[in-house]
Each structure stands twice: as C-alpha cells, then as structure tokens.
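To start, the structure itself, in structure tokens.
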Amino acid sequence: MEKKNRKYFPFFVDLSDKKVVVIGAGTIAKRRVRVLVDFTGHLCVIAPEINPELRELEQAGKLTIFRKNYERDDIADAFLVIAATNDRRLNQEIYAACKEMGIPVNVCNDKTRCDFYFPVLAYNDTIVAGVSSGGRDAAGSRRVANRIQEMLGEPERASAPSASVSSAAEDGTPADRDNPDTFCEGARTVLPPDVRFVRIYTDGAARGNPDGPGGYGVLLLFEDASGTLRELEFSQGYVKTTNNRMELMAAIVGLEALDHPCEVQIYSDSQYLVNAFNQHWIDSWIKKDWKRGKNEPVKNIDLWKRLLAAAGPHRITWNWVKGHDGHPENERCDELATGAADGENLIEDIML
C-alpha cells in the first residue's frame, strides 16, 4: 500500500498498568498528558521545568514528574514514549533510542517519526471511540468525533473527566477540546468568553515553490482569567502549493480559531500578507474587482476572500517581523510550517 494512502488500524490497548513516558512539559506535552491521565496510572513526565497545570495533576496523584533533563535510561522500561520537547535534535535522539529499544514512539510535530498517531477521541466511562484519517483530514476527524460525543452525552468536566472529546493530535495538529477553558471544534477554538486580546504568530513554507509541497504554522497566545498564558498551535502540510498561499492559510487558520470578536495582533514575516493590509493593497483590489496592475487578476483570490471573512469580526493590527532572525515565536511557526511541509500526511490545496 502506498504511504500516502496508508490506513492506520485502530489498536485499542489497555494502558492501565503500562508505563508511559512523556518527555517535555510544554503546550503539546500538556495536551498529551491531559488525555493519557484518563487511561494509565503509570504516567511519567520528564522535564527540567514544570508548568502549574502538570503540578496540579502530580498533586492529585495522576502522574509522576521527574524534574531533570532527559537521559536514555529514563525510557528503558517504557511501554510508550512521547517526545514533546522544543529541541528538535533531542526529539530525534529520543526517537533513535526508542527504535533501538523497540519502544513505540510519537515525536510531536514530526510525522515522519511517529510509530502511532493520537486519534481524535470521544469517550465516557464505558465507551471509547477513536477517529483517525491518518493525518489527511484532521478537521473531518474532529467533526466525526464531535458527533459521536453528542451520542455519548456532553462532557461534564472535572479534575478527572468522565467524558471528553480529545483532538490532541492525530496528525500533529494540536487542539484543546479536552481543556475546559478552551478547545477546538472543527476549525474553531472556543475561547473563554472574557478573552478579548489575542496574539497570533504565523508562517508559511513551500518546497520547490511554486510546484512542491508546503505547509503553514500558527501559534496563538492569550491569557485566561487567572492570568495564565495559554498557547495553541496549528499546522498542516499540502501536496502542492505556494509559499504565499501558505502564508495566507496561516493567518486564516489563526483567525478562524476565534469564536468571538477580539483585539488581535498578528505577526508574520510575509510582506505579501502584511503590506496587503498596511499599505491598503487589498482595498485597491476590491475597488478594481480583484484586479491589479494592468488589469491582471489578483492571485489567490479564494484565500484573500476567506481571510477577509475571518478578519471581519476583529480589530486587527498587522505586524511584520524579520524571518529567521531569532524571533522565538516566528522560529516556532517556521518549525511547524516546515515540519508539516516535510511530513508524509499531506492534503490537496484546492484552489477555487
């Protein structure tokens, strides 16, 4: 079977007495942990610094935390390993060690180094359903899981949830459906109602532009009512696309993740995107019925129109940042975009 058409068998495993090791304690690691605590009593997190949410789970006796740097011996007796650090080289080192030891491993944001995917889950006390498209249609998987969850009943969140829809990552695209404060539902992220200010960092990438694969990466940041910084990351790879289309898609996905009007600061290294608004190119295009220059049609009209629709409810400031210049959030979005472009589970870029 060709890799691009590969289907993944839903192999349900009893993890209750199995040791699962998560290396890292950042945003993606938290998402994995939130799901896994409902399925194993032997969950270990290894990281030198731990965020408050994981400390609360430790205090509740739901996991064990080792506040240290990763060492190879840490995974020697593991049944599953999740490599979720922000150090790509370290993740690759963990992957190599797991392969030598015969331990199934999932390297977050690197589809080429995943022995298994996290499906989108819908579950309660008696039924667990997992939905996966093999990374080809994450939004579709979430929609199906949401329908199943409706059949199971709405989740009643508590410190130890009894029902949940979790889209932590079937394709490396994070979501927070299992978080009581914020979750993804299809392509939208339901924010706490009091959130009014959001920062969105975006980047797009294309290999062999304009005839090769590409991807986008998005980092969305906001503070909840307690002042805790929340993060969401989104990425997706495409079979054949252009860099400009991926820059536009990143901004679209970030804005479509907001379900109520917000003040938004968008940061991008694409002058094509930022100048269209700051230099009012887009106003001129609309006035000329989407024509530019010598009556030439504007490229990517489908995405510009979609972006305008997504931007409509919000007050947005468009900020340009220099790419590949050590800007942490921009570098992270670049990692997400290039990782998605280089992944195996690419989808078609339908140009309307």
Side-chain angles (χ1 to χ4, degrees), residues 7-22 27-45 53-64 79-80 82 84 104 106 108 114 116-193 224 230 232-234 257 259:
K7 296 180 176 64
Y8 289 79
F9 184 77
F11 188 56
F12 287 79
V13 179
D14 180 6
L15 294 178
S16 59
D17 60 348
K18 304 289 195 305
K19 181 178 179 179
V20 178
V21 178
V22 177
T27 302
I28 297 178
K30 286 190 297 182
R31 295 187 184 110
R32 301 296 190 273
V33 166
R34 291 185 197 126
V35 177
L36 288 167
V37 292
D38 280 354
F39 293 90
T40 177
H42 299 273
L43 181 59
C44 298
V45 175
E53 185 174 338
L54 295 186
R55 285 200 296 270
E56 290 177 5
L57 289 171
E58 179 188 36
Q59 292 168 0
K62 295 186 174 299
L63 55 80
T64 301
F79 181 76
L80 292 177
I82 315 297
N106 177 288
C108 299
C114 291
F116 61 93
Y117 282 158
F118 277 73
V120 189
L121 296 180
Y123 62 94
N124 58 22
D125 289 337
T126 57
I127 296 174
V128 177
V131 182
S132 174
S133 65
R136 292 186 295 274
D137 186 5
S141 296
R142 287 194 291 271
R143 285 194 297 271
V144 172
N146 285 334
R147 291 183 181 181
I148 296 172
Q149 190 64 64
E150 290 177 2
M151 295 171 62
L152 297 176
E154 284 299 315
E156 296 180 2
R157 301 302 299 173
S159 58
S162 61
S164 176
V165 174
S166 167
S167 48
E170 71 137 335
D171 64 341
T173 304
D176 264 350
R177 179 63 174 95
D178 52 319
N179 184 334
D181 295 325
T182 171
F183 61 88
C184 279
E185 191 172 76
R188 302 190 64 79
T189 299
V190 180
L191 302 174
D224 63 16
R230 299 283 187 175
L232 294 173
E233 293 179 344
F234 305 90
D259 73 327

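Positions are given from 1 along the sequence. In what follows, every heavy atom counts, from backbone to side chain, and hydrogens, waters and symmetry copies are set aside.
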Donor-acceptor pair, side chain of Thr40 and main chain of Lys18, under 3.5 angstrom: yes

Rounded distance [0.5 Å steps], CG in Asp38 versus NZ in Lys62: 7.0 Å

Nearest heavy atoms of Ala29 and Val22, plus distance in Å: CB-CG1, 4.0 Å

For Ile82 against Arg32, the heavy-atom pair lying closest together: CG2-CG, 3.9 Å

For Asp14, all residues meeting side-chain hydrogen bond (donor to acceptor under 3.5 Å, both in side chains), sequence neighbours excluded: Ser16

Side chain to side chain, Leu121 and Phe39, heavy atoms closer than 4.5 Å: yes

By ring pair (Phe, Tyr, Trp, His ring centres under 6.0 Å) - contacts of Phe79 (at least two apart): none

For Arg147, all residues meeting side chain to side chain contact (heavy atoms under 4.5 Å, CB included), sequence neighbours excluded: none

Distance, nearest 0.5 Å, that separates CG of Asn106 from CG of Leu80: 9.5 Å

Any Pro119 side-chain heavy atom under 4.5 Å of Val131 side chain: no

Set of side chain to side chain contact (heavy atoms under 4.5 Å, CB included) partners for Phe12, sequence neighbours left out: Pro10, Val128

Set of side chain to side chain contact (heavy atoms under 4.5 Å, CB included) partners for Glu56, sequence neighbours left out: none

Where Ala122 and Gln149 come nearest, the two heavy atoms and their spacing: CA-OE1, 3.4 Å

From Leu43 atom CG to Lys19 atom NZ, the distance as rounded to the nearest 0.5 Å: 10.5 Å

Value rounded to 0.5 Å, distance of CG in Leu152 from CG in Asn124: 5.0 Å

